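Notes for the one structure printed next.
Remember, it's a predicted structure, so these values are computed and weren't measured experimentally.
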Amino acid sequence: MTKNSTSLTGSKTGSQWTGMVPVDDTALAVTDTDGPGIPVIYLNGQFATQGYWQRVIAELGTGWRHITYDERARGRKSKRSADYSFEAAVRDVDAVLAARGVDRALVVGWSYGAFVAAHWASRNPERTLGAVLVEGAQPYDWLDEAMEQRIRKTFRRMSWFLPLLRPTGLTPRMNAEQMADSNIELGRLARERELGPVLDNITVPARYVVASGASLGSKGDEQERIRASLDGVVARNTNIKISAKVASNHDAILKKDAPAVAEAVREVAALDRGRR
């Protein structure tokens, strides 16, 4: 775990660095507290921003090195791209860590970010201290033709007001079709035959934090059926456990149950220390 070794366009306030990290055809807005402890990189929900992690970071405190960033076209500063694919999102983890001079990190992802964290941990065991997967990376075949059409219809219906919110950073600078494509791609990646082998291949400590109830866009008990898929995951891979199931729903978990997420990070970090 090395300290910052790359000169980038940015500024420091105290020890904290903020700036832009170039990758492919774009640049990502990054914040690095440059703290003294274990590097933790936080991976956002599909259309969310790094600000969602504030309460988790506050719970953990200054003894960690917290690295957050806004994905392509998300937030107010990250630039647009010709590539909003899942593979691009995984590459962005490498780009941010390399730019900040971090060799090994603990990855924490929420929702879409949990899928990115799971894939990155599975592919990079020697660079992963551990993973915390918050309300995501649950193998379940929820995407069918009807759901795909429902997703496209939803984003088309939202397309008239999304541009109004873009200056605030609350919605990405992607059009409705790009957002729908990203959501549909995630549905395909969530299928048991796709995600199951990824999770089975994780060889570092990994902990899930799951919510209760629905999420934006889900109906009935859809979300609970998806969460139930984790029973098979933890039965097959002893490195993976469910750290907590909390009362808040999918969309509010980082805000309302930040202590549970922070505790899972501490748990994984302690397990990593025990392995060395």
Query raised in the report: Between the side chains of Ser15 and Asp34, is a donor N or O closer than 3.5 angstrom to an acceptor N or O?
Result: no
Requested in this report: Using a 4.5 Å cut-off on heavy atoms from C-beta on, say whether the side chain of Gln178 contacts that of Arg80.
Outcome: no
Query raised in the report: With a 4.5 Å limit on heavy-atom distance, are the side chains of Arg65 and Asp32 in contact?
Result: yes
Query raised in the report: Of all heavy-atom pairs between Ala176 and Ser159, which one has the smallest distance, and what is that distance?
Result: CB-CB, 3.8 Å
**Report entry** CA sep, side-chain torsions, deciding dist, call: Arg127, Val93, side chain to side chain contact (heavy atoms under 4.5 Å, CB included)
**Finding:** CA-CA 12 Å; Arg127 301 179 59 202; Val93 180; over 6 Å; no
Query raised in the report: Is the backbone of Val198 close enough, under 3.5 Å, to the side chain of Ser122 for a donor and an acceptor to pair up by distance?
Result: yes
Requested in this report: Report the C-alpha distance between Ile184 and Arg188 in whole Å, list the side-chain angles of each, state the deciding distance to 0.1 Å, and finish with yes or no for side chain to side chain contact (heavy atoms under 4.5 Å, CB included).
Outcome: CA-CA 7 Å; Ile184 290 165; Arg188 293 171 181 151; 3.6 Å; yes
Query raised in the report: Counting N and O atoms only, with roles assigned by atom type, does the side chain of Glu135 sit under 3.5 Å from a partner on the main chain of Ile253, one being a donor and the other an acceptor?
Result: no
**Report entry** Student check: side-chain heavy atoms of Val108 and Val265 closer than 4.5 Å
**Finding:** yes
Query raised in the report: Between Ser212 (side chain) and Val246 (backbone), is there a donor-acceptor pair under 3.5 Å?
Result: yes
**Report entry** Where Ala269 and Ile38 come nearest, the two heavy atoms and their spacing
**Finding:** CB-CD1, 3.7 Å
Query raised in the report: Where do Trp53 and Thr31 land on the side chain to side chain contact (heavy atoms under 4.5 Å, CB included) test, with the steps shown first?
Result: CA-CA 12 Å; Trp53 295 104; Thr31 303; over 6 Å; no
**Report entry** Asp181 CG to Glu148 CD distance, which is reported to the nearest 0.5 Å
**Finding:** 8.5 Å
Query raised in the report: Do Tyr84 and Glu185 have side chains that get closer than 4.5 Å, going by heavy atoms?
Result: no
**Report entry** Of Leu133, Leu199, Val233, Val210, the residue whose pairing with Gln138 passes side chain to side chain contact (heavy atoms under 4.5 Å, CB included)
**Finding:** Val210
Report task. Report yes or no: does Thr33 contribute a side-chain atom to a donor-acceptor pair with the main-chain N or O of His66 at less than 3.5 Å? Result -> yes
Query raised in the report: For Thr154, does its backbone N or O pair with a side-chain atom of Arg156 as donor and acceptor, under 3.5 Å?
Result: no
Query raised in the report: CG/Asp24 to NZ/Lys79 distance, rounded to the nearest 0.5 angstrom?
Result: 16.0 Å
Query raised in the report: Do side-chain atoms of Asp25 reach the backbone of Ala82 as a donor and acceptor pair under 3.5 angstrom?
Result: yes
Query raised in the report: Are the side chain of Arg74 and the backbone of Gln46 linked by a donor-acceptor contact shorter than 3.5 Å?
Result: yes
Report task. Could you tell me which non-hydrogen atom of Lys77 sits nearest to which non-hydrogen atom of Ala29, and how far apart they are? Result -> CB-CB, 3.8 Å
Query raised in the report: Residues in ring pair (Phe, Tyr, Trp, His ring centres under 6.0 Å) with Trp110, at least two apart?
Result: Tyr52, His250
Query - Side-chain heavy-atom pair Val30, Ile67 within 4.5 angstrom cut-off - result: yes
Query - Crowding at CD, Glu194 (>12 non-hydrogen neighbours, <6.0 Å) - result: yes
Query raised in the report: Just wondering, more than 12 heavy atoms not from Gln149 lying within 6.0 Å of its CD?
Result: yes
Requested in this report: To the nearest 0.5 Å, tell me how far Arg236 CZ sits from Thr238 OG1.
Outcome: 12.5 Å
Query raised in the report: Counting N and O atoms only, with roles assigned by atom type, does the side chain of Arg72 sit under 3.5 Å from a partner on the main chain of Leu28, one being a donor and the other an acceptor?
Result: no
Report task. Before accepting this row, confirm whether a basic side-chain N of the pair Arg266/Glu263 lies closer than 4.0 Å to the acidic partner's carboxylate O. Result -> yes
Query raised in the report: Should we say atom NZ of Lys245 is surrounded by more than 12 heavy atoms from elsewhere, each under 6.0 Å from it?
Result: yes
Requested in this report: Could you give me the CA-CA distance, side-chain angles and deciding distance for Ile226 and Glu224, then say whether side chain to side chain contact (heavy atoms under 4.5 Å, CB included) is met?
Outcome: CA-CA 5 Å; Ile226 292 171; Glu224 280 297 285; over 6 Å; no
Query raised in the report: Does some side-chain heavy atom of Tyr140 sit less than 4.5 Å from a side-chain heavy atom of Arg225?
Result: yes
Query raised in the report: Counting only heavy atoms not in Arg76, do more than 12 fall under 6.0 Å of its CZ?
Result: no
Report summary line: Distance col, row Ile41:CD1 vs Trp120:CH2, nearest 0.5 angstrom, shows 7.5 Å
Query raised in the report: Ignoring hydrogens and geometry, is there a side-chain-to-backbone donor-acceptor pair from Asn237 to Ile202 under 3.5 Å?
Result: yes
Query raised in the report: Heavy atoms, side chains only, cut-off 4.5 Å: are Asp92 and Thr26 in contact?
Result: no
Query raised in the report: Do Val90 and Arg123 touch side chain to side chain, with heavy atoms closer than 4.5 Å?
Result: yes
Report task. Considering non-hydrogen atoms only, spot the tightest contact between Ala258 and Val56 and give its length. Result -> CB-N, 3.8 Å
**Report entry** Minimal non-hydrogen separation, Ala105 against Val102, with atom names
**Finding:** CB-CG1, 4.1 Å
Report task. Verify whether one side chain among Ser243 and Arg207 offers a donor that lies under 3.5 Å from an acceptor in the other. Result -> no
Report summary line: On a heavy-atom basis, the closest approach of Tyr208 and Ala137 is OH-O, 2.6 Å
**Report entry** Rounded distance [0.5 Å steps], CG in Asn124 versus NE2 in His119
**Finding:** 12.0 Å
Report summary line: In this structure, CZ of Phe155 is separated from CG of Asn183 (nearest 0.5 Å) by 5.0 Å
Query raised in the report: Stepwise, does the ring pair (Phe, Tyr, Trp, His ring centres under 6.0 Å) test hold for Tyr112 with Phe86?
Result: CA-CA 9 Å; Tyr112 184 89; Phe86 183 82; 5.8 Å; yes
Query raised in the report: Just by modelled atom types, is the Ala88 backbone N or O under 3.5 Å from a matching donor or acceptor in the Ser85 side chain?
Result: yes
Query - Side-chain H-bond candidate by donor/acceptor type, Asn44 with Glu71, under 3.5 Å - result: no
